[in-house]
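Sequence lines set the chain letters: A, B, ... in the order given, protein chains first and strands last, and positions in each chain run from 1. From a predicted model like this one, the values you see are computed outputs, not experimental measurements. Computation of the quantities below employed the complete heavy-atom set of this structure, encompassing side-chain atoms and omitting hydrogens, waters and symmetry-equivalent molecules.
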Amino acid sequence: MGTTSEKNWEPKIVAFLCNWCSYAGADLAGVSRFQYPPNIRIIRLPCSGRVSANMILDALRSGADGVLVSGCHPGDCHYISGNLFARRRFALLNNLLEFVGIEPGRVNFSWVSASEGEQFAEVVKEVTDKVKKLGPSTRLVKRIG
Amino acid sequence: MKALKLDRNAIGQWLSNMAGERDIYAPASDGPAKGTWTLLTDYSMPEIKPGVPARPVKNFLFPQPETLLKFSIVPTDPDCCLPSEPEENGRKNVVFGVRPCDARSIGLNALACKADTYYQANMDKNAIIGLTCSQVCSTCFCSETGGSPMGTEGCDVSLTEIDGRYIARAMTERGEELLALAESFGKEVTDSDFSAVEALEERARSGSDEIRNPEEQLRKKDLMELYNAPFWQELADRCINCGACTFLCPTCYCFDIQDETLHGKGRRIRCQDSCMFPLFTLHASGHNPRGQKIQRVRNRFMHKMKYFPDRFGPISCVGCGRCVRDCPVNIDIREVMRSLLNFHDMGSVTP
Amino acid sequence: MSTVNEKITEKIRSEAQRLLSTGEVAAFIGYEAGSLPMSVRPFVARKQEDASRLVWNSFCVLNLANYLPALLKSFEPPRRPGDPPPEGPLPKVGILATGCWSRNIVVQIKENQVDRDRVVIVGVPSRGMVSARKVKEAVGERDIQTCIEEDHSLKICGEGFEQELNRWDVVRDNCKTCVHPDPVIYDILIGDPAGERQVQDRFAQVDEIEHKSLEERWNWFADSFSSCVRCYACRNACPLCYCPTCFVDDSRPQWVGKSTEQTDTMLFHILRAYHCAGRCTDCGSCESVCPVGIPMRLLTKKLNKDVLEMYGSEAGMSLDEPLPLTTYNPADPQGFVLTEKSEKGGDR
Ligand code: SF4
Ligand code: SF4
Ligand code: SF4
Ligand code: SF4
């Protein structure tokens with residue numbers, strides 16, 4: 001992930017997007033030419049329910065400065081309830097990470113539907129701003145020297 | 001060999017003299033790192049509790065992890081995929097307050113690590129200052145394994161406390177050099193001091209241990225008979241196959257080698273491994289020759305008590321008692337040793 | 001006069017003897033005396049004569065439910081994946097269970113690791129188990145040679161010292177804050193039910209950390225987990241950890257490195273705890289077996305607290321309720337979701 005010279009540091013944010021809503025929302029944002037910061041790297045998954053804590057932590061471990069997990073709004077899940085199960089898991093993970101001292105804002109969650117291109121751009125802006133304020137990630141980052 | 005009498009202040013001064021050249025480690029006596037070997041920053045005689053600290057001295061000989069080599073996996077790098085030596089800071093260590101059992105483990109492991117250049121280099125890097133035991137704890141059984149609470153094997157300098165003062169004896173050339181750093185303020189060791197040390201040694205020798213030289217008896221036994229003995233099942237019933245015994249054992253030296261890569265850079269590291277873990281013997285094919293718990297439990301003890309002595313002479317246990325103390329299910333190697341020794345008391349069947 | 005534990009021991013022996021002699025169970029999981037003061041060892045009694053070896057005291061800290069799935073499996077004919085389940089009744093196993101252990105058995109039943117019909121649960125209301133670590137600290141880390149347990153005290157002796165401790169003072173933290181000491185399911189109950197306990201601040205230890213600043217929490221985590229040796233005793237002592245391949249052993253992708261460097265150790269602990277979310281009963285087995293005293297139980301306790309607060313649920317309290325992470329409520333709290341924060345309207 002290259003060097004992060006203090007001044008022109010730009011955060012790298014890994015975004016796990018569900019195929020049916022948020023990924024389509026990102027697509028719409030692009031097609032509609034809504035501007036959003038180029039800091040995110042999208043990973044497409046079938047459902048937010050597929051996102052496990054392992055993956056989120058693996059992103060941090062690999063040096064991502066921020067993580068965004070986004071799925072369909074509750075009730076709109078392509079698989080009916082995937083995001084509702086996921087919501088419980090995310091809530092617990094979010095709290096646990098804060099408990100051990102991971103800065104709030106490193107790991108973020110949102111619901112964005114396929115028709116919310118503008119909202120997707122908003123979410124990315126918000127997350128990027130937050131992560132920029134936090135600065136480069138150091139906690140749980142693997143270093144092999 | 002050189003010997004000096006040092007009081008607690010003198011030890012402090014000696015430590016600070018040595019600190020000029022070497023990093024000094026001693027077991028932490030308090031805090032979250034209690035029992036872990038920690039870099040000394042305050043040069044006074046550290047508080048060293050009776051018995052062995054939680055962590056064995058092998059942590060200096062098998063660092064966690066030890067980087068064996070580094071490499072790049074970026075195709076455009078001119079030295080892509082070529083191994084390079086990890087950079088070293090060149091500092092050497094003094095490991096202070098090592099109990100006789102731990103110190104003895106260094107030489108035992110060296111029997112199996114003769115060709116292991118990393119182990120040899122770490123032996124070279126770490127000078128050992130031992131401290132003999134004035135109290136034998138309830139989990140200690142060094143004398144039943146060929147050691148002694150007064151043992152000096154593996155030490156460069158050995159300290160023995162007598163009436164609040166320490167008799168420091170250099171045991172190796174390196175020890176001579178280190179002890180020379182206390183020469184200017186250390187007191188001369190008198191004949192009565194020497195005879196006090198000898199008296200302690202004599203007392204240690206005449207201990208009431210029932211087992212002496214188990215390796216001789218174990219070597220005579222038939223391997224397959226021990227292997228098929230009935231008592232393994234009960235041990236396997238309760239063993240939870242954690243690695244507490246192996247990771248804390250000073251004489252468990254097995255390791256695992258991994259390549260880690262990240263963002264184009266890579267390193268090859270080795271970490272301690274445990275024969276209690278199924279992964280230890282898992283083949284790439286999926287076959288596992290020690291797939292069952294009983295096979296793994298048996299291996300740990302057979303390795304220490306039979307395979308090792310058959311191959312190298314002594315048993316691979318120095319009687320530190322860590323595994324006895326810390327096994328979550330009270331698997332007590334002293335009992336296992338007795339079971340092995342008493343098994344087929346009629347003598348081994350010659351094939 | 002015999003102590004409470006001696007009476008319980010008597011009853012355990014006679015029940016186990018009966019179960020084994022009638023052939024109702026093929027094996028009985030209990031505890032037998034250990035070789036060190038304050039130690040007992042899990043013991044699988046397979047013959048009726050073995051029953052007399054069983055004991056019960058305040059040092060039964062390892063959760064016996066840990067052995068249940070594998071022991072049951074050991075009595076099944078070998079099967080390859082895809083083979084039909086064995087026909088006919090399979091041998092049963094007897095097991096002792098306190099409040100938390102019984103709840104772990106409930107979790108195992110709900111997760112299809114244990115067949116309720118194949119276990120005979122001998123319930124023992126818990127009086128709280130003692131932390132050997134606390135005892136050692138209480139006597140200044142001196143070498144303990146004997147420990148004699150009375151109903152409310154422990155007499156500890158070693159070379160040149162003798163000390164009497166109040167039992168409750170050295171009871172484990174998880175037991176002190178336990179509100180469900182009675183088994184929630186059992187076939188036979190030994191001793192009198194203790195009833196639900198009133199505990200003032202069940203989560204005080206968690207609150208204390210939550211009240212720290214972010215930096216302090218990180219430092220707490222870094223310091224108190226730094227001496228972990230990655231022996232996995234905490235994982236292996238836990239009745240929830242039965243996965244054939246643990247995430248720590250995955251190599252492609254490798255979620256967690258093998259070393260004891262900070263990141264590797266921390267990731268192991270975060271994920272280990274997280275995998276127990278909604279399933280952990282705070283039995284304390286993990287914390288009790290750790291050879292270096294890592295407070296990893298506080299991570300699961302934090303999760304337990306959140307599960308209770310957010311989803312009103314505690315693991316394994318009943319066979320009829322789903323486990324909290326295998327269900328959902330449309331109205332579950334979601335204030336942590338960016339797009340749901342009240343101050344963020346739909347259109348800005
Ligand atoms: S086997 Fe046990 S007693 Fe022997 S050296 Fe290892 S830890 Fe110490
Ligand atoms: S410490 Fe005890 S339970 Fe753990 S692997 Fe060793 S013998 Fe088995
Ligand atoms: S995580 Fe610890 S406290 Fe929770 S069930 Fe497992 S062993 Fe018990
Ligand atoms: S927390 Fe304790 S029991 Fe768990 S792996 Fe670390 S040292 Fe072992």
Side-chain angles (χ1 to χ4, degrees), chain B residues 28-29 31-36 38 49-51 54-55 59 63-67 135-140 233-234 236-248 256 258 260 269-274 276-279 282 293 321-332 334-335, chain C residues 27 29 31-37 39-44 46 61-62 66-67 70-71 140-146 158-159 220 222-227 229-238 244-246 248-249 251 254 257-261 264 285 288-295:
Chain B
S29 62
K34 187 162 71 186
T36 305
T38 325
K49 303 229 164 83
R55 309 288 286 274
N59 289 11
Q64 291 300 293
E66 170 142 50
T67 306
Q135 186 186 343
V136 177
C137 293
S138 49
T139 46
C140 298
Q233 183 59 48
E234 235 184 70
D237 270 349
R238 69 178 193 270
C239 174
I240 60 172
N241 263 196
C242 63
C245 49
T246 40
F247 284 178
L248 298 174
D256 181 27
Q258 300 244 327
E260 290 188 334
I269 56 167
R270 72 167 173 188
C271 299
Q272 283 167 39
D273 202 353
S274 169
M276 290 297 194
F277 298 160
L279 203 67
L282 183 65
K293 190 155 75 169
R322 284 188 181 88
C323 60
V324 180
R325 187 170 74 180
D326 291 324
C327 171
V329 298
N330 186 230
I331 287 179
D332 189 327
R334 298 171 298 182
E335 286 171 21
Chain C
I29 314 176
Y31 269 104
E32 68 170 328
S35 66
L36 302 174
S39 81
V40 282
R41 34 176 86 156
F43 172 51
V44 180
R46 295 172 193 268
V61 291
L62 187 125
N66 187 38
Y67 295 97
L71 190 62
E141 310 279 341
R142 280 174 292 183
D143 186 41
I144 296 173
Q145 281 159 358
T146 58
E159 211 175 281
W220 164 78
D223 290 348
S224 44
F225 286 70
S226 65
S227 48
V229 296
R230 299 287 296 278
C231 70
Y232 304 138
C234 49
R235 174 195 70 179
N236 289 20
C238 175
T245 305
C246 179
V248 300
D249 291 338
S251 52
Q254 187 177 52
K258 298 271 177 194
S259 82
T260 47
E261 289 173 344
D264 291 342
S285 202
S288 299
V289 300
C290 175
V292 289
I294 308 292

Under 4.5 Å to a heavy atom of chain B? For V61(C) that would be neither
Bottom line for L71(C): the part with an atom under 4.5 Å from chain B's heavy atoms is neither
Closest heavy-atom pair, R334(B) versus S35(C), reported as atoms and distance to 0.1 Å, is NH2-OG, 4.3 Å
Polar side-chain atom of R55(B) near backbone of S227(C) as donor-acceptor pair, under 3.5 Å: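 Yes.
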Sorted by chain and number, sequence neighbours left out, salt bridge (charged side-chain N to carboxylate O under 4.0 Å, His left out) with R322(B) holds for D102(B)
When rounded to the nearest 0.5 Å, the distance separating CG of D273(B) from CZ of R230(C) is 11.5 Å
Atom pair SG (C137(B)) and CD (E159(C)), whose distance is rounded to the nearest 0.5 Å
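These two atoms lie 8.5 Å from each other.
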Counting heavy-atom pairs under 4.5 Å with chain C, the top scorer among E234(B), Q64(B), E260(B), Q272(B) is E234(B)
Interface check, chain C: of P278(B), A54(B), G243(B), C327(B), most non-hydrogen pairs under 4.5 Å belong to G243(B)
Sorted by chain and residue number, the ring pair (Phe, Tyr, Trp, His ring centres under 6.0 Å) partners of F277(B) (sequence neighbours excluded) come out as F247(B), Y232(C)
TODO: Run the salt-bridge test on E335(B) and R41(C) with the 4.0 Å N-O cut-off and return the result as yes or no.
DONE: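 Counted as a salt bridge, because a side-chain N and a carboxylate O are separated by less than 4.0 Å.
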List the steps and the verdict of side chain to side chain donor-acceptor pair (under 3.5 Å) for Q254(C) and Q258(B).
-> CA-CA 11 Å; Q254(C) 187 177 52; Q258(B) 300 244 327; 2.8 Å; yes
- request: Report the option among S39(C), P42(C), C234(C) that has the most heavy-atom pairs separated by less than 4.5 Å from atoms of chain B.
  value: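 Highest number of pairs under 4.5 Å: P42(C).
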